[in-house]
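Okay, so here's the structure we're looking at.
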Amino acid sequence: MSEPRKPMLSVSEALALMLDAVRPVADSEVIPTLAANGRVLAAAQLSGMNVPGADNTQMDGYAVRAVDCASGNAALKVSQRIPAGHVGQPLQPGTAARIFTGAMIPQGADAVVMQEQCELNGDVVTIRHAPKSGEWIRRAGEDITSGSVMLPAGTRLRSQELGLAASVGLAELPVRRKLRVAVFFTGDELTMPGEPLAPGAIYNSNRFTLRALLENLGCEISDFGIVPDTLEATRSVLRESAQGHDLIITSGGVSVGEEDHIKPAVEAEGKLNMWQIAVKPGKPLAFGEVQQAFFIGLPGNPVSSFVTFLLFVRPFILRLQGVEGPIAPRAYSMRADFSWPKADRRNEFLRVRINDNGGLELFRNQSSGVLTSTVWGDGVIDNPPGTTIAAGDMVRFIPFNELLY
């Protein structure tokens, strides 16, 4: 008598199981800040300076003493001109300094009046405004204070973080080494674009999709190509790909058919910790280890492979890279402009796009083989198990932009 099949894990249970197993890469290196886009910071970065370094003006205009302009129509002699990058002389009472955006406020001045509120006649400027002390002045340390933690360890560096690092003079940054990921694809029916397509064959779209997704995440990729549909070949490539890699990702062969060899191959060469998730598309998803490398087996259907990568592989990779803090994609409550009358026992991820009325419209065919839906759509609806959708319902929408990087 066969033992009863275990219940499928929910999406949250499966993700928690995977993330609990993570061992972040420990090795780090110091690289130029200009080359650090997409990398993960290995150590917290403290600022050695204030930003701004000194009080400066937010506007082109005139630096003044507010008390000299209290009448709202003061005529002051222009005593000096201060461009950005230059240091002015102390401002004498009853005078004004012509000043340009970013320039340091001269000693004695406590306000800036924008040039649109001033009228220059020779070397005398009429200030037609009564400024308050501090008006249009950026204070020293207003953005960053010296000694403060500017970027914590585990930060994934984007353009914003690189600019911030550069603003305090950091020419180099310590980062975790890149994640080494091996990929291969199973299926005798797979053919590469550019080759003749035999009867019953299909082009290997998953190779292109998954490699691009991994590149978006800054991984070093070793591509072992298409593997024949045999247990021996699958085991052989698993052993080879485990050498020198942190993670092995496969596509196809994770179901229960006679030609699906991933599950027995992983069990023979390592261990399988998880198999089959209550998710649609993407039920057959495997997670385990082969030697020192983690293993994730994705479904072969192209939409299933794409969606399960976004839901499970992306957060797993981010944690493996050493990213700390929130990694869950932001979701938005939006109106469904369609009906979905048939509930599924699995957590469904429906491909949708935003229409001109600010609602969501559904791609006509939600099959796991229809890759067009991922190009047409703006994201997915996270539809809980057993849930129908009526037009006008508010649903949980996750944009692809939250999932791809």
Hey, could you give me the OG1/CG distance between T387 and D393, rounded to the nearest 0.5 Å?
10.0 Å

Test item: D356 and E361 side chains (from C-beta on) under 4.5 Å apart, heavy atoms:
no

Check: residues 285-296 side-chain donor-acceptor pairs under 3.5 Å, at least two apart:
from, atom 1, to, atom 2, distance (Å)
Q291, OE1, Q243, NE2, 2.5

Reported OG-to-CG distance for the pair S167 and L162, which is rounded to 0.5 angstrom
11.0 Å

For a 4.5 angstrom cut-off between non-hydrogen side-chain atoms, does S10 reach N347?
no

Partner set under side-chain hydrogen bond (donor to acceptor under 3.5 Å, both in side chains) for K280, not counting sequence neighbours
D344

Where D337 and G359 come nearest, the two heavy atoms and their spacing
OD2-CA, 3.5 Å

Measure the CZ-CD1 distance between F400 and I398 for me, rounded to the nearest 0.5 Å.
10.0 Å

Check against side-chain contact (heavy atoms from CB on, under 4.5 Å), I354 and L360
CA-CA 5 Å; I354 303 170; L360 299 172; 3.8 Å; yes

Tell me the closest heavy-atom pair linking L310 and P315, and the distance in Å.
O-CD, 3.6 Å

Is the side chain of N355 donor-acceptor paired with the backbone N or O of N357 at a distance under 3.5 Å, no angle test?
yes

State, yes or no, whether a side-chain contact exists between P385 and R346 at a heavy-atom distance under 4.5 Å.
no

Contact list for residues 161-171, test salt bridge (charged side-chain N to carboxylate O under 4.0 Å, His left out), sequence neighbours left out
R158-E161

Filter on salt bridge (charged side-chain N to carboxylate O under 4.0 Å, His left out), then keep only pairs touching residues 81-107, sequence neighbours left out; what's left?
none

Taking side chain to side chain donor-acceptor pair (under 3.5 Å) as the cut-off, I'd like each qualifying pair that reaches into residues 293-310, sequence neighbours left out, listed once.
N301-S368

Within a strict 4.5 Å, meaning less than it, do heavy atoms of the I144 and L164 side chains meet?
yes

Step by step, work out the side-chain contact (heavy atoms from CB on, under 4.5 Å) result for R177 and D246.
CA-CA 11 Å; R177 70 161 171 82; D246 306 295; 2.7 Å; yes

R314 side chain vs L318 backbone, donor-acceptor pair below 3.5 Å
no

Evaluate the criterion salt bridge (Lys or Arg N to Asp or Glu O under 4.0 Å) for residue pair E220 and K178; output intermediate values, then yes/no.
CA-CA 6 Å; E220 285 186 0; K178 287 190 174 185; 5.5 Å; no

Expected output: side-chain T155 to main-chain L151 donor-acceptor under 3.5 Å
no

For Y203 and F208, I'd like to know if the aromatic rings sit close, meaning centre-to-centre distance below 6.0 Å.
no

Summary of salt bridge (charged side-chain N to carboxylate O under 4.0 Å, His left out) pairs that have at least one residue in residues 199-208, sequence neighbours excluded
R207-D223

Taking the side chain as everything from C-beta on, heavy atoms only, tell me whether P399 gets closer than 4.5 Å to D378.
no

Could you walk me through whether L272 and K263 pass the side-chain contact (heavy atoms from CB on, under 4.5 Å) check?
CA-CA 8 Å; L272 198 62; K263 185 174 184 286; 3.5 Å; yes

Please identify each residue that fulfils side chain to side chain contact (heavy atoms under 4.5 Å, CB included) with E232, with sequence neighbours left out.
T230

A171 backbone acceptor or donor facing T33 side chain under 3.5 Å:
yes

Please check: side-chain N/O of N206 versus main-chain N/O of L210, any donor-acceptor pairing under 3.5 Å?
no

Taking all non-hydrogen atoms of both residues, which atom of G187 and which atom of I226 are closest, and how far apart?
O-CG2, 3.8 Å

Sequence neighbours excluded, which residues qualify as side chain to side chain contact (heavy atoms under 4.5 Å, CB included) partners of M114?
M59, E116, Q117, W136

What donor-acceptor contacts under 3.5 angstrom involve side-chain atoms of residues 34-46, with partners at least two apart or in another chain?
from, atom 1, to, atom 2, distance (Å)
R39, NH2, E29, OE2, 2.7
R39, NH2, R176, O, 3.0
Q45, NE2, A43, O, 3.1

Give me the one residue out of E269, H261, E240 that meets side chain to side chain donor-acceptor pair (under 3.5 Å) with R235.
E269

Mark yes or no for whether Q366, through its side chain, and R351, through its backbone, hold a donor-acceptor pair below 3.5 Å.
yes

Between E135 and K132, is there a donor-acceptor pair closer than 3.5 Å when you use the side chain of the first and the backbone of the second?
yes

For A14 and M274, which heavy atoms make the closest approach, and how far apart are they?
CB-SD, 3.5 Å

Please find the pair of heavy atoms, one from V303 and one from S373, that lie closest to each other, and give the distance.
CG2-OG, 4.1 Å

Kindly check if the number of other-residue, nucleotide or ligand heavy atoms within 6.0 Å of CD (Q89) is above 12?
no

Examine distances only and state if a side-chain atom of D110 and a backbone atom of A66 form a donor-acceptor pair shorter than 3.5 Å.
yes

Could you tell me if the side chain of I277 sits less than 4.5 Å from the side chain of L311, heavy atoms only?
no

Any donor-acceptor pair under 3.5 Å from S367 side chain to G369 backbone
yes

Test side-chain contact (heavy atoms from CB on, under 4.5 Å) on I249 and V181 and set out the steps.
CA-CA 7 Å; I249 297 176; V181 182; 3.9 Å; yes

OG-CD1 distance between S241 and I248, expressed to the nearest 0.5 angstrom
3.5 Å

Under 4.5 Å between any side-chain heavy atoms of L91 and Q107, yes or no?
no

Any side-chain heavy-atom pair of F397 and V352 under 4.5 Å
yes

Nearest 0.5 Å, what's the OG1-CZ distance between T234 and R239?
10.5 Å

Taking atom CZ of R364 and atom OG1 of T372, what is their separation to the nearest 0.5 Å?
7.0 Å

Show me, pair by pair, the donor-acceptor contacts under 3.5 angstrom made by side chains of residues 17-27, not counting sequence neighbours?
none

Main chain of G252, side chain of T186: is a donor-acceptor contact present, judged purely on distance under 3.5 Å?
yes

Of the non-hydrogen atoms in C69 and L76, which two are nearest, and what is the gap between them?
SG-CD1, 3.9 Å

With side chain to side chain donor-acceptor pair (under 3.5 Å) as the rule and sequence neighbours excluded, what pairs involving residues 49-67 come up?
D55-R139, N56-R138, D60-T101, R65-D68

Determine which pairs satisfy salt bridge (charged side-chain N to carboxylate O under 4.0 Å, His left out) with at least one residue from residues 379-388, sequence neighbours left out, and list them in order.
D382-R396

